[in-house]
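This report refers to the structure that appears directly beneath it.
Convention: sequence-line order gives letters A, B, ...; per-chain numbering from 1. Only a predicted model underlies this, so the values are computations on that prediction, with no experimental measurement involved.
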Amino acid sequence: MSRALSEQEIVRRENLKKIREMGIDPFPAEPFEVNAHAREIKENYSEEKKNYQEVRLSGRLMMKRIMGKASFAELQDASGKIQLYVARDEICPGEDKSLYNVLFKKLLDIGDIIGVEGFVFTTKTGEITVHVKKLKLLSKSLRPLPIVKEKDGKVFDAFTDPQQRYRMRYVDLTVNPHVRENFIRRSQIMQAMREFLLNKGYLEVETPILQPIYGGAAARPFKTHHHTLDQTFYLRIANELYLKRLLVGGFDSVFEFAKDFRNEGMDRFHNPEFTQMELYVAYTDYIWMMHLVEEMLQYIVKRVFGKSTLTVGGHEISFEGPFQRYTMYESIEKFTGIDISEMDEKALREIAGKLHVEVDPSMGKGKLIDEIFGEKVEPYLTDPTFITDYPIEMSPLAKKHREKEGLVERFELIVNGKELANAFSELNDPIDQRQRFEAQLELGKRGDEEAMMLDEDFIRALEFGMPPASGLGIGIDRLTMILTNSKSIQDVLFFPQMRPEKPAEGAAGVEEETQAE
RNA sequence: GAGUCAGUAGCUCAGCUGGUAGAGCAACGCCCUUUUAAGGCGUGGGUCCAGGGUUCGAAUCCCUGCUGACUCACCA
């Protein structure tokens, strides 16, 4: 399929041709060895020490300022930008000046990837600069990059169109340094979490993404089909039930960074695929897990940001534990003045109406309480807050509360008005578990599309005996959003889900085969 | 799923109650050996998201569709 080329693309293709005609390979195969990076040079160069006198670095040409026989340019590598000084007679010591006059001045375009060799000095305006002695083209760029300029911290002509930024994230990352920064943070956050868990001696594991029965959460799944087995599979909505099987198998602590998939609405907090870290530790309970979560978040924030208070959405949020704790009933009473602890389904429905919380007939008691909480409490919890002791109806995998009738031993951690983590003392009584699943089936019949499936093998595992344990799920995307002060999940996912730009050609047949539904 | 807003040059955007498209940067040509949103002079570049309609005439008004953002609904 050919595409009409823009004026600038035509120029670049012509330049490419001319480069080849000069006998220069625009896409050379040999490696270009580098011994320095932009940021490191800018941080460590000193005029007195005269260090960095033989540097080799490579990156993208981001700016050319040509002044006749000498030029300044900007090179951007993975660490940042640095200015280059390119003088004609330096890179062309002999008679032939074409390397400067033709290749550098005319044929190299912004976006080209080059390698340079030279020494570092400071210009008379005080800018640390690489004085280039040798220059090599490493890869030609055939499309014009958006030109983003900056002065005194102000950015001009920023590349901002969300659609283009997400579809061409490579361009976004190239021209928007703060975008790059968020993703580096994400990686550091995950690394710190993994480090914390491994230091505790917990075992990192992997469990199936293709599951014959989906479970461990309440959500609509993606459905697919395996040809050889001629069998329906679901992309996991959670890995909880598999990790618990591993506790049955004798591991006493397991965790997994899991991509989960939920076939539901998309907004700035939800992407169809997202990442959760789930952790199960035997012989502990949810109280113990609250301490662990406090300790872990403190560790991560300290490790990644070097401090324990961050500005999130205009608020200062401290991750220094211990966090505030309320039971679910307490929190509702605190924010609405109404004590719902003794109410039945009918009374709750009336209260919901009074509070202008929308409900529908398929909702059971647990869901009604959750609606009230979600509407009247959750959005107002800014600092990290544990909400504990949830109604049994909405927590089919959690252990019954040791003292309080009708509740389970469960907590959620709310930060900045959103759920960040969810945990319980895990239900390990197989008979109780079967009854809970059966109650879910009932809800399913009432029209709750997210009611859980009955997983016979999971029950069988519990019947062999699972040690008492607590389990935790923590949303990595949400955590990254909070810690990087990002307004949308799209800012912390490299490639957020979007509609295809145009219907993929030839994809129709494939679609038919792989996608049931 | 509903509502609101948006889609114009490579990028960021102007374009009034309808008269046939503009700026800055980028590109191209020339000048310039310490510039940094470099500068000076000059030049080119458009499926105005797509398809219909109204009209003598549509980037502009109307309808449909596509894509995106936001809000709401849904989502423990």
Side-chain angles (χ1 to χ4, degrees), chain A residues 4-12 14-15 62-74 81-90 100 105-106 109-111 121-127 129 131 141-167 171 175 217-220 237-238 262-272 274 328 358 360 363 366-371 373-374 378 387 390-391 393-398 410 412 414 418-419 422 424 448-450 452 473 487-488 490 496 498-503:
Chain A
L5 296 179
S6 71
E7 183 196 28
Q8 296 195 46
E9 287 176 293
I10 291 166
V11 169
R12 284 175 182 238
E14 280 166 3
N15 289 350
M62 294 303 278
M63 185 71 70
K64 280 203 289 185
R65 293 185 280 273
I66 293 172
M67 301 164 305
K69 297 180 190 65
S71 305
F72 287 95
E74 272 169 32
K81 283 184 192 168
I82 192 161
Q83 181 169 264
L84 305 178
Y85 176 71
V86 184
R88 186 192 70 183
D89 297 333
E90 296 278 347
Y100 180 79
K105 272 171 70 174
K106 304 272 182 194
D109 294 302
I110 287 172
F121 76 112
T122 310
T123 64
K124 60 185 185 195
T125 51
E127 175 108 12
T129 300
H131 187 125
S141 164
L142 294 180
R143 287 183 188 245
L145 225 41
I147 304 294
V148 179
K149 298 204 175 188
E150 202 189 322
K151 190 186 187 178
D152 304 330
K154 262 195 243 168
V155 178
F156 299 83
D157 298 335
F159 180 60
T160 50
D161 179 16
Q163 184 161 185
Q164 301 220 66
R165 287 184 47 224
Y166 302 148
R167 290 198 196 281
V171 174
V175 303
R220 290 171 61 191
I237 58 173
R262 296 186 185 176
N263 204 342
E264 287 171 343
M266 294 161 62
D267 59 29
R268 68 199 183 88
F269 291 99
H270 301 265
N271 194 66
F274 64 103
M328 168 146 278
E358 275 186 50
D360 70 64
M363 292 177 180
K367 197 112 178 170
L368 288 168
I369 293 170
D370 189 54
E371 287 294 318
F373 175 78
E378 194 178 48
I387 300 296
Y390 283 63
E393 295 85 349
M394 55 197 286
S395 313
L397 301 168
R410 170 179 179 179
E412 284 191 1
I414 313 293
K418 281 281 163 185
E419 175 196 349
N422 179 23
F424 3 104
D448 185 345
E449 289 193 49
E450 289 158 3
M452 289 185 192
K487 286 188 185 60
S488 166
Q490 293 166 314
M498 291 181 103
R499 283 201 170 80
E501 281 177 79
K502 39 189 140 167

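Closest to the side chain of E7(A), from the set C11(B), G44(B), U35(B), is G44(B). Comparing U35(B), U33(B), C75(B) by their nearest atom to the side chain of A87(A) picks out U33(B). Relative to the side chain of K106(A), the nucleotides G29(B), A76(B), C28(B) differ in distance, and G29(B) lies closest. Nearest nucleotide to the A217(A) side chain, out of A26(B), U33(B), A76(B): A76(B). With distances taken from any side-chain atom of E371(A) to the nucleotides C30(B), A76(B), C75(B), the minimum falls on C75(B). Of all nucleotides listed (C28(B), A26(B), A76(B)), A76(B) comes nearest to the side chain of R262(A).
Across all strands, K367(A) comes closer than 4.0 Å only to sugar-phosphate atoms, never to a base (heavy-atom distances). Using a 4.0 Å heavy-atom cutoff across all strands shown, M328(A) reaches no nucleic acid atom at all. Using a 4.0 Å heavy-atom criterion, one finds that S395(A) contacts no nucleic acid atom at all. Using a 4.0 Å heavy-atom criterion, one finds that F159(A) contacts the sugar-phosphate atoms exclusively. In this structure, A219(A) reaches neither bases nor backbone, as no heavy-atom distance under 4.0 Å exists between it and the strands shown. In this structure, F121(A) reaches the bases: a heavy-atom distance under 4.0 Å links it to at least one base atom across the strands shown.
Applying the side-chain hydrogen bond (donor to acceptor under 3.5 Å, both in side chains) rule to pairs touching residues 62-72 of chain A yields R65(A)-E74(A), R65(A)-Q83(A), S71(A)-Y100(A), sequence neighbours excluded. Evaluation of the salt bridge (charged side-chain N to carboxylate O under 4.0 Å, His left out) test over residues 149-166 of chain A, restricted to residues two or more places apart or in two chains, returns R165(A)-D172(A).
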Would you give a per-nucleotide map of nucleotides 68-73 of chain B, 5' to 3', where B means the base has a protein non-hydrogen atom under 4.0 Å away, S means only the sugar-phosphate does, and - means neither?
-> SS-S--
Protein-proximity profile, nucleotides 38-43 of chain B, B/S/- by nucleotide at the 4.0 Å heavy-atom cutoff, equals B-----
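The partner of U54(B) is absent, by the rule that a Watson-Crick or G-U pair needs both atom distances under 3.5 Å. Checking G1(B) for Watson-Crick or G-U wobble geometry (two distances, each under 3.5 Å) identifies C72(B) as its partner. Pairing for U33(B) is absent, judged as Watson-Crick or G-U wobble with the two contacts each under 3.5 Å. The base-pairing partner of C16(B), taking Watson-Crick or G-U wobble contacts with both distances under 3.5 Å, does not exist among the strands shown. Pairing of C25(B), defined by two Watson-Crick or G-U wobble distances under 3.5 Å, is identified with G10(B).
With both ends at atom C1', the span from G39(B) to G57(B) equals 44 Å, rounded to whole Å. When the P atom is used for both G15(B) and U60(B), the distance is 15 Å, rounded to whole Å. Across G52(B) and A58(B), the matching P atoms stand 13 Å from one another, rounded to whole Å. Taking atom C1' on both nucleotides, U20(B) is separated from G24(B) by 24 Å, rounded to a whole Å. The same atom, C1', is picked in A59(B) and in G22(B); the two are 12 Å apart, to the nearest Å. Across A9(B) and C32(B), the matching C1' atoms stand 29 Å from one another, rounded to whole Å. Distance noted for atom P between G51(B) and C66(B): 15 Å (whole Å). Taking atom P in both U47(B) and C74(B), the straight-line distance is 44 Å, to the nearest Å.
In this structure, the side chain to side chain donor-acceptor pair (under 3.5 Å) partners of E9(A), at least two apart in sequence or on a different chain, are R3(A), S6(A). The salt bridge (Lys or Arg N to Asp or Glu O under 4.0 Å) search around D89(A) returns K97(A), not counting sequence neighbours. By the side chain to side chain donor-acceptor pair (under 3.5 Å) test, T122(A) pairs with E47(A), sequence neighbours left out. The ring pair (Phe, Tyr, Trp, His ring centres under 6.0 Å) search around F159(A) returns none, not counting sequence neighbours. For Y166(A), there are no ring pair (Phe, Tyr, Trp, His ring centres under 6.0 Å) partners at least two apart in sequence or on another chain.
Between F156(A) atom CZ and C13(B) atom C1' there is a gap of 15 Å when expressed in whole angstrom units. Here the P atom of nucleotide A27(B) and the CZ atom of R143(A) are 18 Å apart, to the nearest Å. When the P atom of G46(B) is taken as reference, atom CD of E9(A) falls 13 Å away, rounded to whole Å. What separates CD of Q164(A) from P of C49(B) is a distance of 14 Å, to the nearest Å. A straight line from CD of E150(A) to C1' of U12(B) spans 16 Å, rounded to a whole angstrom. Atom P of nucleotide C13(B) and atom CG of D157(A) are separated by 9 Å, given to the nearest angstrom. The CD-C1' distance, from E393(A) to A76(B), rounds to 13 Å in whole Å. Taking atom CZ of F72(A) as the reference point, atom P of A37(B) lies 13 Å away to the nearest angstrom.
Contact annotation: side chain of Q8(A) to base of G10(B), donor-acceptor pair present below 3.5 Å. With hydrogens and angles ignored, a donor-acceptor pair under 3.5 angstrom links the side chain of Q83(A) to the base of U35(B). With hydrogens and angles left out, the side chain of T123(A) and the base of U35(B) share a donor-acceptor pair within 3.5 Å.
Heavy atoms only, all atoms of each residue included: M452(A) and A218(A) are closest at CE-N, 4.3 Å. The two residues P272(A) and M266(A) have their closest heavy-atom pair at CD-CG, 3.7 Å. Contact between A238(A) and R262(A) at its shortest, heavy atoms only, is CB-NH2, 4.4 Å.
When atom types are taken as modelled, the side chain of S141(A) and the backbone of R143(A) share a donor-acceptor pair closer than 3.5 angstrom.
Between Y85(A) and E127(A), the residue anchored closer to the 5' end of RNA chain B is Y85(A), taking for each the nucleotide with the nearest heavy atom.
Considering only heavy atoms from C-beta on, H270(A) comes within 4.5 Å of D267(A) through its side chain.
Taking the six-membered ring where tryptophan is involved, the planes of F373(A) and Y390(A) are perpendicular, since the angle between them exceeds 60° and thus also 30°.
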